[in-house]
Amino acid sequence: MRVLERIDRAAGGLGADLALYGLSAAFALVTALTSTLLPHRAWGGIAVWGYLAAFLVAGVQLLLRRPALRMPLTWAVWGGVALLPLVVQAVQRSAGRTDRAQEEVLVVEHMGERLAHTGTPYLGPEAIGALPPGEQLLGYAPYQPGMAVFGLPRAAFGDLWCTDARIGFALVTAAALVTAVRLLRSSAVRAVQFATILPICALTLATGGDDLPVLALCLLALACGATDRYRAAGVAVGAAAALKLFALPVVAVLLVLAFTTGNLRRFLPGALGLPVLALLPAFLVDGNAFVENVVRFPLGHGLVTSPAQSPFPGYLISQALPGGRYVAAALLVAAALTIAVLLIRRPPVTAAAAALFCGYGLLAAILLMPTTRFGYLLYPLAFLAWSPALVFSRPTGTTAPRGDTALYRL
């Protein structure tokens, strides 16, 4: 860990910046030339130039030993490799291109239409079964009801570029990240890079995007916890959990942090209240539809199978071994129990330690889940990169408790 820290900080961080931009440019070029997904190819064709420009600027900074502009460059690169491709794809889509958005964008927009017309963003199993076989997958919406909010603009104003669900994703992501950085008041360049310009994040926001506002709100919650704003932390992570179940482990870890620091009463109303408020209307309108979409389908018991099948250990075990799905599930449960025991025996007492719990816990879950996506790695990578920024944001003259310091060094 110390070796990685020294490499990261060499030349004021510019050496690692140069490597990041260079490797990202290579990734974007390969994506533009070889990806079988047309939205991804379109992203790569634009993003490669943004990364190359950043590589040149970072090279000049390194030669001149001028690291002061690293953060402005990071935001500018994010605009070029994520926001610009997003807007271009949204404009082309509104002009009639049908290959300029991933399926999750359509799913979220359909959620908004159903919410506006029926009071629930979900179709029941009977309605999904009545769809043509090729459309049944798009009939599912494996998100929390709050995600439908991003589909409401298109339901209200039609197929304009600015009503594309990704525009809403980007606005919430930007607002949450900018607020988090302002709260920390520290050098959080690497943390911001791993939540914005890292190709896995930039590509996801430009082509699909639904994970980025969830991630950004969780990072904002950690920043609020680091600065003793637990009421705001509860609202931020509660909003994330109202969008996607992936935020629930973060809610659990921050709940433990709030308890150990004596802030549980401030944290709980937002953290638990917002997801419940988002869930109740949809559940009361059609509880069976909610369960079919949010519970049965992600667990592999829907009418169609989820396409989330990246070749991680959990998926490989489930496919290669007799009863492999049960073996993978057992490993996943064992990992969850191990993390739960650690949370009880050595609970986090700083937001930095909580970020490490979130990062390592979600990494284990993603690797062991029988059905998952490569893109989900953006969550643990961002949480692990965010932890040092939370440590550095501690008031001058204070030190982290011994348990947290040990966990940070692992």
Side-chain angles (χ1 to χ4, degrees), residues 13 17 20-21 24 47 50-51 54 69-87 146-147 149-150 165-227 229 232-244 246-247 250 254 270 351-352 354-355 358-359 362 375-393:
D17 284 355
L20 173 61
Y21 294 133
S24 297
Y51 286 126
L69 298 178
R70 291 176 64 219
M71 183 65 86
L73 178 60
T74 297
W75 290 118
V77 174
W78 189 48
V81 304
L83 301 183
L84 177 60
L86 186 161
V87 172
M147 189 67 76
V149 171
F150 294 102
R166 289 170 292 183
I167 300 296
F169 296 154
L171 291 174
V172 172
T173 300
L177 290 178
V178 169
T179 303
V181 171
R182 289 177 63 87
L183 288 176
L184 295 178
R185 296 182 180 178
S186 66
S187 178
V189 176
R190 193 72 67 221
V192 175
Q193 288 174 337
F194 270 66
T196 55
I197 65 172
L198 198 69
I200 196 173
C201 295
L203 169 63
T204 299
L205 182 61
T207 63
D210 57 276
D211 285 300
L212 268 299
V214 179
L215 172 64
L217 287 168
C218 290
L219 296 177
L220 174 59
L222 288 166
C224 290
T227 53
R229 294 174 170 86
V235 172
V237 79
L243 300 178
K244 204 166 187 179
F246 238 94
V250 183
L254 285 177
C358 294
L362 283 174
Y376 290 157
L377 287 175
L378 63 89
Y379 287 96
L381 291 176
F383 287 133
L384 294 176
W386 207 254
S387 181
L390 300 170
V391 170
F392 300 149
S393 71

Search all heavy atoms of [X] against all heavy atoms of [Y] and return the closest pair with its distance.
X    : Y    : answer
A351 : G225 : CB-C, 4.1 Å
V77  : A54  : CG2-CB, 3.3 Å
A188 : L184 : CB-CD1, 4.5 Å
A232 : C224 : CB-SG, 3.8 Å
A385 : A191 : O-CB, 3.7 Å

Rounded distance [0.5 Å steps], [atom1] in [X] versus [atom2] in [Y]:
X    : Y    : atom1 : atom2 : value
L219 : T179 : CG    : OG1   : 12.0 Å
L86  : L203 : CG    : CG    : 11.0 Å
L205 : I197 : CG    : CD1   : 13.5 Å
L183 : L390 : CG    : CG    : 10.5 Å
L243 : D210 : CG    : CG    : 9.5 Å
Y376 : L362 : OH    : CG    : 11.5 Å

With [X] via side chain to side chain contact (heavy atoms under 4.5 Å, CB included) - residues at least two apart:
X    : result
A174 : W78
A240 : V214, L217, C218, A247
L84  : I46, V88

With side chain to side chain contact (heavy atoms under 4.5 Å, CB included) as the criterion, how do V192 and L177 come out once you've worked through the C-alpha distance, each side chain's angles and the decisive distance to 0.1 Å? CA-CA 8 Å; V192 175; L177 290 178; 5.7 Å; no

Can you name the ring pair (Phe, Tyr, Trp, His ring centres under 6.0 Å) partners of Y21, sequence neighbours left out? none

Those residues at least two apart in sequence (or on a different chain) that pass ring pair (Phe, Tyr, Trp, His ring centres under 6.0 Å) with Y51 are none

Show every ring-ring contact (aromatic ring centres under 6.0 Å, His included) that has at least one partner inside residues 165-222, sequence neighbours left out. F150-F169

Which residue pairs satisfy the side-chain hydrogen bond (donor to acceptor under 3.5 Å, both in side chains) criterion with at least one member in residues 165-177, sequence neighbours excluded? Q89-R166, D164-R166

Intermediate values then yes/no, side chain to side chain contact (heavy atoms under 4.5 Å, CB included), L73 and L69: CA-CA 6 Å; L73 178 60; L69 298 178; 5.6 Å; no

Listed partners of R70 passing salt bridge (charged side-chain N to carboxylate O under 4.0 Å, His left out), at least two apart: D17

Who passes side-chain hydrogen bond (donor to acceptor under 3.5 Å, both in side chains) against Y379, sequence neighbours left out? D211

Suppose we screen for side-chain hydrogen bond (donor to acceptor under 3.5 Å, both in side chains). Which residues come up paired with T196, at least two apart in sequence or across chains? none

Can you check side chain to side chain contact (heavy atoms under 4.5 Å, CB included) on L212 and V172, steps first, answer last? CA-CA 9 Å; L212 268 299; V172 172; over 6 Å; no

